[in-house]
Structures are given as structure tokens and as C-alpha cells.
Number of protein chains: 2
Amino acid sequence: MTIEQRNAIYSFEPALIDEIQKLGSERLMDAGEELMRPGMYVRSIPIVLSGSLKIMRQDEKGNETFLYFLTGGDTCAMSLTCCTANRPSSVRAIAEEPTKLIMVPVEMMDLWLQKYPSWKNFVFQSYQNRFDDLMEAVDSLAFKKMDERLWRLLKKKAALQEKRYVYNTHQELADELSTSREVVTRLLKKLEAMGKIKTHRNRIEIL
Amino acid sequence: MTIEQRNAIYSFEPALIDEIQKLGSERLMDAGEELMRPGMYVRSIPIVLSGSLKIMRQDEKGNETFLYFLTGGDTCAMSLTCCTANRPSSVRAIAEEPTKLIMVPVEMMDLWLQKYPSWKNFVFQSYQNRFDDLMEAVDSLAFKKMDERLWRLLKKKAALQEKRYVYNTHQELADELSTSREVVTRLLKKLEAMGKIKTHRNRIEIL
DNA sequence: ATCTGATTGTGACAATTGTCGCCGCTTTCA
DNA sequence: TGAAAGCGGCGACAATTGTCACAATCAGAT
């Protein structure tokens, strides 16, 4: 997928697309590769062209919890704010699958905000979408029990790649839910008994 | 506190201050009064002049959880996005104490973004601050046990008004933490035994 | 083929949190 | 003054989640 195709979604002006292609640099990431970690200073804004990024929050002791996914056309709100304020990231971003990004230098942010209405819309739309995503994460953490959180995570992962299978170990899922491996194993058994999934090694089938 | 005094913080241009005063309308809220509820359409952007707003997330079943406070100079990021996109609010905003707001008509948003650099900075700064606040809320929900969440909430409430006393019932605290009254009572006893607080009727003393 | 490490399964138990019932005290208001 | 409602305290128990120990199974490397 190219930036032109994304254009259809956000109606970037042709001149803006030119600039993005001229000044931005493409980056290909393998699944599991880390784009950003807490404390890191970000000097360019990533726009996802294809694949997906998993955004995680980390506490001081290294515990993690999943926040949301970024997919095609999305950008990281954290980058937008961190870049402009020159502050370090407070989240971790990992490629969930092979992912293609275009990295836009932070210097363009301000200029384009003035110059291109579509860029301004894109930025504001991104903030709004990320707020919604965070609200969903808060709902899950505050109101749902672990079994439902696990089930929702599995469905979201399956939907991402439009596949029936989720390729994760119990430990990986536990890390994303900030719980322990045994708990995930236990709840997966429960979901299996309920007929919602079928477990395999390194792979879970959504029914 | 007037908009001029906040000006020192955000360096609003004099012309912008004039416009805010001319076009905005002041609103006084009693403690506990509701400014916004989920599903409500917002047609003006509130800027807090004095006092504080409590922002809560609600799920479909009416459970609530505290997200963050807005205090002097803050504005609601939800309003910024909801107004521009004409979408209903997804949070509840309640005055935590007697609170003075200035309500700015949403029509000004776009215009001022072009016209006043300080407004643009203000808006972006607000997004960033609210993101930070939400991250703190997520940390609390994902990584902290109830006793520490309660303790942090009490400290935050005390700091808000720079007082030793927090005037809340156990039930109110339970609602903000999305737990039950008994649990709060139990944990308050524990905090009292640890010498961190002293409980009174309708009032908790932070030591 | 065998070893090794990663993955999954399981039982027992502890800690935390949620829920119920009931009590006594205080405040409010009729 | 008396009733009702709100507030806080307490004990018992259930449900959920966290933790530990250990076994069984699978996949890949040598």
C-alpha cells in the first residue's frame, strides 16, 4: 500500500502527498520488531501503510499492558505530542505482523498544519481515534474480568489479520493482559469448554 | 481567577483574550453539578478558570471509574474532539468543588487555530496533558491494587484543594474506583492502621 | 535418535476483591 | 419527638486472580 492509496481515506492534497513521499522515508518492520520504547525520543512521525503496530504501556517495574492497535492509515498520537513537545515516549510500539510505515520528519508537523487543511484534519482525527482507543482500553481494565478481556483480545487479533487463527503463546497473551501464564491457560481452557475457541500449540482457533 | 491570569501560563495574545471574553460565557458550577454526560452533544469548549472538574468514564451498565481532574487553565480534550467531529461525549464531567468555567463556542476552534499561534499551542498542550492523565489512569487500573489506588486518589483530592481533609463518603470513593463501599471501608481501616490517614464521618484526614 | 528448551497442563493454595446480612450511629425532616 | 434515610463497621463467605511446584508434550538442533 502506498501513501496515494491512503489518500483516499484522508483526502490528502496531491501537493501534500508529494511532500510526504519526498521527505518521508519508508520503513519495513518484521513481526515483533520494536519501533519505539518508553523513554525514547521520537524524531519522526510514523504513519502505518500496511500491517499493524501494537501499542503497550509499561510501568516502572516492567509490567506491560496492551492499549490498542494501529493499522493502515493510523498514526501514533504519542508521536505527535512527543515530537512537538520534544518529550520522550511513554509507550512501547511493536510490529504485530510485518508492517510498512512511512516516517515523516517532525519538522513538517507545524508547517503542514498551516499549509494543508487535510493534514490538520488527519492530526485531529488521529487524536480522536486514539482517545477512543484508550477509552476502550480503560473500559476493559476497569469493568471487565480477565476471561472477557482475553476473549476480546483474541477477537481483535483475529480481526486484524482477518484470519481464524491467532499465533501467540499463552505467555505472550499473559504479558499483553498483564497477568500470568497460568491464568491465561486456565481461561483458554474455559473458553474452549464454552466452544468459543480451540487451542493448538502456538496457535488459537477462533470459532 | 480570570482569563487574563491564565494568560500568563499559556501566553494567549491580547486579541485572543478579548475574543474569548467577548464570545465566551462564564459559568459557575456548584460542587457535584454535572457539566457533561455520556451521549450528550457538546457545543462549546469549557476552560476551567478555578475549581476543578472530575472526569469519569461510564460503561453501559452504569459502572463508573475516575479518569482525571481538570483544574485551572485546563480544557477538556473530549470537548475539543467531540465538538469538531460533532460526536457525543463519551465521558461524564462533574464539578468536584465550586467551579468557574468559561465556555467558548465551538465555531471559534478552527478560526483561532489559524489566527492565534497561542491557541494552537493551547490545544495541542491540552491533548498532551490529557493523554498523560489517561496514561496515569491506565497505570492505576492495570498495575495497582485497590489499596494503592485508593491512597493515590485521596492524595490527589487533598492536593487539589491544598487541604488535609477529603470530604467524601466511602460510597463516593467506591464509585470513583469502581468497587464497593465495603471494600473502601476495609481499605481505609488498613490505611488508618498504617498511620497514613485518620477517618471521620464524611471526612478523611490525610496525615 | 537424543537432548534441550519452549510450551502447555494441572493441582494446591494464598491473596485480593466482591457480596451479603446485619448492626449501631448520626443527620434530616416531618 | 420519632421515623426514615444515610453512613460506617463488621463477620462470613464466594469468586477471581496470583503464585508455586512440577509434569507432560512438542519442536528444533546437534
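Order of the sequence lines fixes the chain letters, A, B, ..., with proteins taken first and strands second; residue numbering starts at 1 for each chain.
Nucleic acid contact class of B/Thr169 (heavy atoms, under 4.0 Å, all strands): sugar-phosphate only.
Rounded to whole angstrom, the span from the CG atom of A/Leu188 across to the P atom of C/dG9 amounts to 8 Å. The distance between atom CG of A/Leu150 and atom P of D/dT17, rounded to the nearest whole Å, is 11 Å. In this structure, A/Arg201 places its CZ atom 7 Å from C1' of C/dT8, rounding to the nearest Å. Rounded to whole Å, the distance from CZ on A/Arg149 to C1' on D/dT17 is 11 Å. Whole-Å rounding puts the B/Phe143 CZ to D/dT17 C1' distance at 16 Å. Rounded to an integer number of Å, the gap from NE2 of B/His200 to C1' of C/dC25 is 17 Å. A/Glu182 has its CD atom 12 Å from the C1' atom of C/dT7, to the nearest Å. When the C1' atom of D/dA15 is taken as reference, atom CG of A/Asp147 falls 11 Å away, rounded to whole Å.
Here the CE-OG distance, from A/Met103 to A/Ser25, works out to 6.5 Å after rounding to the nearest 0.5 Å.
Between A/Thr179 and the phosphate of D/dG18, there is a side-chain N or O to OP1/OP2 separation shorter than 4.0 Å. Side-chain N/O atoms of B/Lys145 include none lying less than 4.0 angstrom from OP1 or OP2 on C/dT17.
Between C/dT8, D/dG9, D/dT19, one nucleotide has an atom nearer to the side chain of A/Arg181 than all others, and that is C/dT8. Between D/dT17, D/dG8, C/dG18, one nucleotide has an atom nearer to the side chain of B/Met146 than all others, and that is C/dG18.
When all heavy atoms of A/Pro46 and A/Ser79 are compared, the closest pair comes out as CD-OG, 3.4 Å.
Where B/Asn168 and B/Arg186 meet DNA chain D, the nucleotide closest to each residue was compared, and B/Asn168 sits on the side nearer the 5' end. For the pair A/Val183 and B/Gln171, both in contact range of DNA chain D, the more 5′-proximal nearest nucleotide belongs to B/Gln171.
Between A/Lys156 and A/Glu96 there is no salt bridge, since no side-chain N of the basic residue sits under 4.0 Å from a carboxylate O of the acidic one. Residues A/Glu19 and A/Lys22 are not paired through a salt bridge, judged by the lack of any N-O separation under 4.0 Å between the basic side chain and the carboxylate.
Side-chain contact between A/Leu101 and A/Leu49 is absent, with no heavy-atom pair separated by less than 4.5 Å.
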